[in-house]
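Okay, structure first, notes after.
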Amino acid sequence: MDDVIIIGGSFAGLAGALQLGRARRKVTVLDTGLPRNRFAGHSHGLLGHDHKPPLDILAEARQQLARYPTIRLVSARADSVSGAIDNFNVLTSDGESLGARRLILSYGVADQMPDVPGFAESWGTSVVPCPYCDGFEVAGQHWGLVWSGPQSHNQIRLFLDWTDKLTVFSDGHDVPPDIQADLARRNIPVVDGRMVEIAHHKGHIASVNLDSGRNVAVDILFAHPCNKPSASLHESLDLATVDTPVGITLKVDERRQTSMPGIYAAGDLTTPFLPSVTQASSQGAMAGIFAQQSMLV
């Protein structure tokens with residue numbers, strides 16, 4: 001019987017394991033090796049690791065966890081979860097049955113690429129979601145934003161801290177007249193028509209091509225495709241969720257506990273706004289600490 005099984009071993013999961021291992025709690029981390037940011041060449045904004053490849057940071061983290069004898073890292077998928085607090089059971093893709101007093105869900109989300117040629121090939125390189133992650137490197141250049149709803153208006157105002165060269169692509173959405181007026185006042189053009197291709201060379205954008213026949217050159221394109229949790233364990237557990245403009249997140253309380261006692265969650269699976277490796281690491285650490293404190297006698 002483990003103290004905690006952590007399902008998902010990227011930034012949140014490993015941060016939780018570190019805290020638990022340092023508290024000498026017995027932990028198993030299950031991971032499939034497919035972190036959300038594996039498409040990015042570099043990770044930015046993480047103190048002490050700025051501008052390092054995210055897979056390198058994770059590899060270093062796993063090496064550091066090896067000094068803790070109570071932490072076990074397992075390359076396997078969690079296929080099912082059953083039980084209740086103090087007696088959870090996890091069945092892995094390897095056929096192993098594991099027991100634990102607590103669970104931490106940190107299996108993240110998977111971005112759903114639109115059916116636009118070149119979009120997926122440029123994802124993480126020159127089609128990106130987060131200005132805090134990638135804005136500094138392209139500050140002052142020509143940015144594009146794919147309109148995805150009212151929240152895009154706030155993103156436009158946010159982007160102006162990095163660049164004054166911005167084009168909005170409506171991509172078939174109706175941009176409200178009052179917002180169009182505000183964008184016109186800011187000299188930000190709105191280009192109508194649906195995207196039919198991201199013309200690129202090795203992931204670096206040449207132009208955004210539209211069904212109107214117009215091709216617009218930009219240096220980087222910000223987009224927020226819908227995403228979905230990378231596993232469905234929360235559904236079988238009937239955990240409470242929160243709807244967001246791009247998908248669902250798990251509902252957690254101030255101690256990172258989900259709607260089921262004994263199950264905690266952290267990382268992008270719980271982050272509705274501007275997910276990042278910094279947030280994931282912080283949330284994972286807190287989930288580990290609160291899970292440990294919940295087992296005190």
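Any value given below was found using the heavy atoms of this structure, including those in side chains, with hydrogens, waters and symmetry copies removed. Computed from a predicted model, the values in this text were never measured in an experiment.
The 12-atom threshold is not exceeded at CG of Asp238, counting heavy atoms of other residues, nucleotides or ligands nearer than 6.0 Å. The number of heavy atoms from other shown groups lying within 6.0 Å of CZ (Arg22) does not exceed 12. For Arg214, the CZ atom sits in a loose shell: 12 or fewer heavy atoms of surrounding residues, nucleotides or ligands are nearer than 6.0 Å. By the neighbour-count criterion of 12 heavy atoms within 6.0 Å, atom CG of Asn154 is densely surrounded, having more than that number from other residues, nucleotides or ligands.
Distance check, rounded to the nearest 0.5 Å: CD1 of Ile263 to CD1 of Ile7 gives 8.0 Å. Atom CD of Glu60 sits about 4.0 Å away from atom NZ of Lys52, to the nearest 0.5 Å. The distance from atom CZ of Phe290 to atom CZ of Arg102, rounded to the nearest 0.5 Å, is 14.0 Å. Leu73 contributes atom CG, which lies 8.5 Å from atom CG of Asp31 (distance to the nearest 0.5 angstrom). A distance of 6.0 Å separates CE of Met260 from CG of Leu239, quoted to the nearest 0.5 Å. Here the CG atom belonging to Leu91 is positioned 10.0 Å from the CZ atom belonging to Arg77, to the nearest 0.5 angstrom.
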key: Worked verdict on Asp134 versus His42 for side chain to side chain contact (heavy atoms under 4.5 Å, CB included)   = CA-CA 9 Å; Asp134 295 290; His42 298 88; over 6 Å; no
request  = Apply side chain to side chain contact (heavy atoms under 4.5 Å, CB included) to His44 and Phe136, showing your working.
outcome  = CA-CA 9 Å; His44 299 117; Phe136 181 84; over 6 Å; no
ask   = Going through the checks in order, is the side chain to side chain contact (heavy atoms under 4.5 Å, CB included) test met by His234 and Ile248?
value = CA-CA 11 Å; His234 59 283; Ile248 67 165; 3.9 Å; yes
request  = List the steps, then state whether side chain to side chain contact (heavy atoms under 4.5 Å, CB included) holds for Leu210 with Phe169.
outcome  = CA-CA 9 Å; Leu210 306 168; Phe169 296 92; 4.2 Å; yes
inquiry  = side chain to side chain donor-acceptor pair (under 3.5 Å) for His173 and Ser148? Distances and angles first, verdict last.
reply    = CA-CA 7 Å; His173 293 91; Ser148 58; over 6 Å; no
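Side-chain atoms of Arg194 come within 3.5 Å of backbone atoms of Asp171 as a donor-acceptor pair (strictly under, hydrogens ignored). Put simply, the side chain of Ser282 never gets that close to the backbone of Gln279: no donor and acceptor are under 3.5 Å apart. Counting only distance, with no hydrogens or angles, the side chain of Gln257 and the backbone of Gly262 share a donor-acceptor pair below 3.5 Å. Under a 3.5 Å cut-off, the side chain of Gln283 and the backbone N or O of Gly267 do form a donor-acceptor pair. A side-chain donor-acceptor contact under 3.5 Å links Asp3 to the backbone of Lys26. In terms of modelled atom types and a separation under 3.5 Å, the side chain of Thr244 and the main chain of Gly247 share a donor-acceptor contact. Formation of a donor-acceptor pair under 3.5 Å by the Thr125 side chain with backbone atoms of His204 is not found in this model. Of the possible donor and acceptor atoms, one in the side chain of Thr278 sits under 3.5 Å from a partner among the backbone N and O of Gly45. With hydrogens and angles disregarded, no donor-acceptor distance shorter than 3.5 Å links the side chain of His224 to the backbone of Val246. Side-chain atoms of Asp268 never come within 3.5 Å of backbone atoms of Gly108 as a donor-acceptor pair (strictly under, hydrogens ignored).
Asp192 has its side chain out of reach of Ser212: every pair of non-hydrogen atoms, C-beta onward, lies at least 4.5 Å apart. Within the 4.5 Å cutoff, no side-chain heavy atoms of Ile188 are placed close to those of Val190. In this structure, the side chains of His200 and Val127 stay at 4.5 Å or more apart for every pair of heavy atoms. Within the 4.5 Å cutoff, the side chain of Gln141 has no heavy atoms near those of the Trp162 side chain. The closest side-chain heavy-atom distance from Val277 to Ile57 is not below 4.5 Å. Side-chain contact check for Phe273 versus Pro245: every heavy-atom pair is 4.5 Å or farther apart. Considering only heavy atoms from C-beta on, Phe88 stays 4.5 Å or farther from Ile5 through its side chain. With a 4.5 Å cut-off on side-chain heavy atoms, Pro35 and Leu58 count as touching.
No side-chain N or O of Arg101 forms a donor-acceptor pair with one of Ser294 less than 3.5 Å apart. Side-chain contact check for Ser97 and Asn89: at least one donor-acceptor pair (N or O, by modelled atom type) lies under 3.5 Å. Side-chain contact of Ser207 with Asn209: a donor-acceptor pair under 3.5 Å is present, judged by distance alone.
Closest approach of Val218 and Ile205 over heavy atoms only: O-CG2, 3.7 Å. Taking each heavy atom of Phe119 and Ala223 in turn, the nearest pair found is CZ-CB, 3.8 Å. Closest approach of Ala76 and Asp94 over heavy atoms only: CB-OD2, 3.5 Å. Across every non-hydrogen atom of Ser106 and Gly13, the tightest pair is OG-CA, 3.4 Å. Counting all heavy atoms, side chain and backbone alike, Ser281 lies closest to Ala15 at O-CB, 3.3 Å. Scanning both residues, Ala265 and Val252, for their nearest heavy atoms gives CB-CG1, 3.9 Å.
Leu105 and Val242 are not part of a single hydrophobic cluster, where members link through side-chain heavy atoms under 4.5 Å apart. Residues Leu221 and Phe159 do not share a hydrophobic cluster, defined by chaining ILVMFWY side chains whose heavy atoms lie under 4.5 Å apart. Following chains of ILVMFWY side-chain contacts shorter than 4.5 Å, one cannot reach Leu98 starting from Val29, and the two form parts of different hydrophobic clusters. Ile104 and Val81 are assigned to two separate hydrophobic clusters, defined by single-linkage of ILVMFWY side chains at heavy-atom distances under 4.5 Å. Trp143 and Ile179 fall within the same hydrophobic cluster, defined by Ile, Leu, Val, Met, Phe, Trp and Tyr side-chain heavy atoms under 4.5 Å apart, directly or through other members.
Among Pro54, Ser10, Pro275, Ser230, the single residue meeting the side-chain contact (heavy atoms from CB on, under 4.5 Å) criterion with Arg36 is Pro275.
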